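In what follows, a single structure is set out as structure tokens and then discussed.
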Amino acid sequence: MANYNFKLVEQKWQKIWEENGTFEAVDNSEKEKFYALVEFPYPSGAGMHVGHIKAYSGLEVVSRKRRLQGYNVLFPIGFDAYGLPTENYAIKTGIHPRKVTDMNIEKFTAQLKRVGFSFDWKRVIDTTDENYYKWTQWIFLKMFEHGLAFRDKTLVNYCPSCKVVLSNEDSQGGKCDICHSDVVQKSKDVWYLRITEYADKLLEGLEEVDYLPNVKLQQINWIGKSRGAFVNFKINEVPEELRIYTTRPDTLFGVTFMVIAPEHPLIDTYQEKIANFSAVEDYRKECAKKTEFERTQLVKDKTGVRLEGITAKNPVNGKDIPVYISDYVMMSYGTGAIMAVPAHDQRDYEFAKKFGIDIIEVIRGGDISVEAYTGDGEMVNSDFLNGYDNKKDSIARMIEFLKEKGIGEEGVQYKMKDWAFNRQRYWGEPIPIVHCEHCGLVPVPYEELPLKLPEVENFEPGQDGESPLAKIDSFVNCKCPKCGKDAKRETDTMPQWAGSSWYFLRYIDPHNDKALAAPEKLRYWGAVDWYNGGMEHVTRHMIYSRFWHRFLYDIGVVPFKEPYLKRTAQGLILGPDGVKMSKSRGNVIDPNEVVDVYGADVLRTYVLFMGDYEQAAPWSESSVKGCKRFIDRIWKLQEMLTEGDDYSKELSSAMHKTIKKVSEDIESMKFNTAIAAVMSLLNQIYDKGSITRAELRDLLLIVNPFAPHITEEIWEAQGFGGQLNAAAWPSFDEAKCVDESIEIPVQVNGKIRERIMVSPTAEQAEVLELVHTLERIQEECAGKTIVKEIYVKGRIVNIVVK
RNA sequence: GCGGGUAUGGCGGAAUUGGCAGACGCGCCGGAUUUAGGAUCCGGUAUCUUGCGAUGUGCAGGUUCAAGUCCUGUUACCCGCACCA
């Protein structure tokens, strides 16, 4: 038999699938639906990465299996094409981003098709297509209408190199996510989306979805809900009260000072009351110079300045306490002011030690001469709380007390902040708002959407973070849609997260020009049944899109609450050197080359076989060859084919077991062991030297999701009828998975001394009887008392002797 | 600091959830085939030991007839978040 020519075969089937629309999803079919979603790629100039292949291969296998099982599968793909790399490339080369994007999408499409992914190519979306971003703008306007999109002047994270305002998410660690230069703080008028209003809904929604536990946890931590209390402290010298947030109202009797953030407005309001205002000013200037990074990352000595001339009163015991400013308190969390309890908070403790402030123990259990005690225990020095357990009763009693006296109340805080929703860049969705001197912020009328991105020559951002759009007079100058007078357009564009926040909805009805998707199609397809992607997207992208989706649900646009019913994540593919792939290290594997040399089926099989799907694993060229051998061995099965519409006696249980194993492992994403099971079966077939038609047929079916090309080819060559993709996934019989007799070990005192063949259904008495006839066991037991005899059915015998 | 994860042969990794540790693959060794190389096929391959046997899942204890798996303590590495009051 001729060697397997993967090049011809793979091309042949890819063409057939495309021409026949084999994998196109059917709207409103009678079949049960299954919506599988993978994170759509950013079409970069570098082309696809093997990481993309692994990310898509998981649900690709699940989707192909589900189709064979009779589901109507929606497995779409698209392109998240707005973003800085394309724009930067355009600036460098002078080629328009539209052109760059189209070229890259073409490249990605060709690569994806070469791998044989069973995407529905009729539903491809491109976030930069005006028919798509029309609806991104539409959702934005709906949010504006409902007060969820607003403008505010605040300090923003600003990247001086990229000249853009960054969200907190994009500037983690004080470094720009894109160019990694230091982020500085800058005051600017920016757009925000009020995601904090949805914090609780986003938390509650997690209860009804099936995400990996660590995915849920990361989202919970990201939202960062904490419960505590707001307490108002009187300031002796001025009428205004100082409001703080604390999670530990039980420790109020231990408050010996207060700290406010350097940016706290109280300082300016009452500067004439502050005796040492110039020293305070100096300290504030010093803090402003520090980047967010220095302020949060380089945690060393506590610094601060006391506000001379200002004292606060502890509301529970009336004691006067000093007020300091220090940069360990952030304006952006809570109220920008804290009550300091040095005995029970390490930061306050360090500050108190440095400034010589009293430390009063209110919870017993630690040694406050050494460090703050943050554990639980009995309350002391706390008046009406004395003797209570701080954890059990004190917090509730204190909150009760605060409410009664009108000095405070229960409160909730979130770490999550509102979403800074704009970029001063060209290659993004224009924000459809008009600034009118008379009417204020006026939305572009819905019927005028899409507000198209104008053609420009020069994509360089303006100085001071001005969008390139600001230079286009024909775009900027317009009439106010409300009063008709001269007005100016918003020139900022949306951040890259915008388009990806609702793309899964567009796949359901990608060509609709009346709505983002038709209601009946939304009802039929419903939520994404299974979403797979990278761990790096489980907070930002997923939280943003859950927020958008929940908003659309609340205003009645979509009929289901949560967008993703199940979420899994694949592990990274590391370079052959065991380190994350990067151009600079030169350890990047190009999937194209793998397809050229070994074929798509080998690439697909390898990325799933290389290790646990959810775990990182290094690339190994020689292991790829192992998968090549596996594929070739499947081809050669045809040489040992014998007639037979049944499984052979010898292979029957192996066939049933393998079908069971592969069926189950695919569902739990244990692709590596599924493939291993097929390899094992293959070894058994080779040992035997023959395979019946029935065996080959079912083997082809279970291998098909992994290696679709070769299995279709053999299916056709051996005349199993029609195309494999129209056949049905084989079933297995639990009863037939069992061997007639199995070998089990016999232990004496936990050490294996013999092995016996028994029927898997044999009872303990029967097995033990057999065991005692064994010479070796008799020797081991001779002269000793049998204490205990254990038989675990089908597993092991252990005899305990003394 | 807080949260999460990982640790098993020369390598990637399995292990029915407490029941034969090392499935499957790679690599390596030997054999067959081949003019040769490659490819392919067959056999072997945790460690120590000539053998009997003993040891072995980061480390130290414990529970159990039985522990990679459970409990206590501990170390290293990876990933998040990070002065969140």
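Nothing here was measured: the structure is a model prediction, and the numbers come from that model. Reminder, nothing fancy here: chain letters follow the sequence lines and each chain counts from 1.
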Could you tell me how far apart A:Gln219 (CD) and B:C79 (P) are, to the nearest whole angstrom? 21 Å
Whether each nucleotide of nucleotides 39-45 of chain B has a protein heavy atom under 4.0 Å at its base (B), only at its sugar-phosphate (S) or at neither (-) is summarised, 5' to 3', as -SS----
Counting Watson-Crick and G-U wobble pairs only, both distances under 3.5 Å, name the nucleotide matched with B:G3, or none. B:C79
Ranking B:C26, B:G53, B:A85 by distance to the side chain of A:Ser622, first place goes to B:C26
Would you indicate what A:Ala677 reaches in the nucleic acid, counting non-hydrogen atoms under 4.0 angstrom: base, sugar-phosphate, or nothing? nothing
Least distance between heavy atoms, A:Leu202 atom then A:Arg546 atom: O-NH2, 2.5 Å
Given B:A85, B:G19, B:G4, which nucleotide is nearest the side-chain atoms of A:Asn798? B:G19
OP1 or OP2 of B:A14 sitting under 4.0 Å from any side-chain N/O of A:Asn672? yes
Expressed in whole Å, how much space separates the P atoms belonging to B:U49 and B:G5? 40 Å
Please give, in whole Å, the distance from B:G80 C1' to A:Tyr211 OH? 18 Å
When both distances are under 3.5 Å in a Watson-Crick or G-U wobble arrangement, the nucleotide paired with B:U45 is B:G27
Taking the nucleotide of RNA chain B with the closest heavy atom to each, which residue, A:Ala617 or A:Ser680, is nearer the 5' end? A:Ala617
Salt-bridge test for A:Glu763 and A:Lys793: reply yes if a basic N is under 4.0 Å from a carboxylate O, no otherwise. yes
Is A:Arg567 salt-bridged to A:Glu39, going by a charged N under 4.0 Å from an acidic O? yes
So does A:Lys751 get a side-chain nitrogen or oxygen closer than 4.0 Å to the phosphate oxygens (OP1/OP2) of B:U55? yes
Using a 4.0 Å heavy-atom cut-off across all strands, classify A:Asn221 as base, sugar-phosphate, or nothing. sugar-phosphate
Could you tell me whether the phosphate oxygens of B:A85, OP1 or OP2, come under 4.0 Å of any side-chain nitrogen or oxygen in A:Tyr333? yes
Parallel under 30°, tilted from 30 to 60°, perpendicular over 60°: which one fits the rings of A:Phe671 and A:Phe706? perpendicular
Spacing of the P atoms in B:G68 and B:A7 (rounded, Å): 14 Å
Please classify the nucleic acid contact of A:Asp612 as base, sugar-phosphate, or nothing, using heavy-atom distances under 4.0 Å. sugar-phosphate
Side chain of A:Ile796 only, heavy atoms from C-beta on: which candidate in B:G19, B:G12, B:G80 is closest? B:G19
A:Lys628 charged N/C atom sitting above A:Tyr598 aromatic ring, 6.0 Å / 45°: no
Compute both the distance and the angle, then confirm whether A:Arg306 meets the cation-pi test with A:Phe355: under 6.0 Å from the six-membered ring centre, within 45 degrees of the axis. no
So A:Arg776, base contact, sugar-phosphate only, or nothing? Heavy-atom distance under 4.0 Å. sugar-phosphate
Nearest to the side chain of A:Gln615 - B:A23, B:G4, B:U6? B:U6
As a test of reading the structure: which of B:G19, B:C83, B:C26 is closest to the side chain of A:Ile790, going by heavy atoms? B:G19
Please classify the nucleic acid contact of A:Glu743 as base, sugar-phosphate, or nothing, using heavy-atom distances under 4.0 Å. base
Rounded distance in Å between the C1' positions of B:A21 and B:A15: 7 Å
In whole angstrom, give me the gap between the P atoms of B:U72 and B:G12. 30 Å
Taking for A:Ile752 and for A:Gly626 the nucleotide of RNA chain B with the nearest heavy atom, the one nearer the 5' end belongs to A:Ile752
Measure distances between side-chain N and O atoms of A:Arg755 and base N and O atoms of B:C20, and say whether any donor-acceptor pair falls under 3.5 Å. yes
Under a 90° cut-off about 0 for the syn range, is B:U17 syn or anti? syn
How should the glycosidic conformation of B:G4 be described, syn or anti, under the criterion that syn lies within 90° of 0? anti
Using whole Å, report how far CD of A:Gln570 lies from C1' of B:G5. 17 Å
Can you tell me which nucleotide in B:C83, B:G53, B:U16 comes closest to the side chain of A:Lys302? B:C83
Rounded distance in Å - CE (A:Met610) to C1' (B:G13): 11 Å
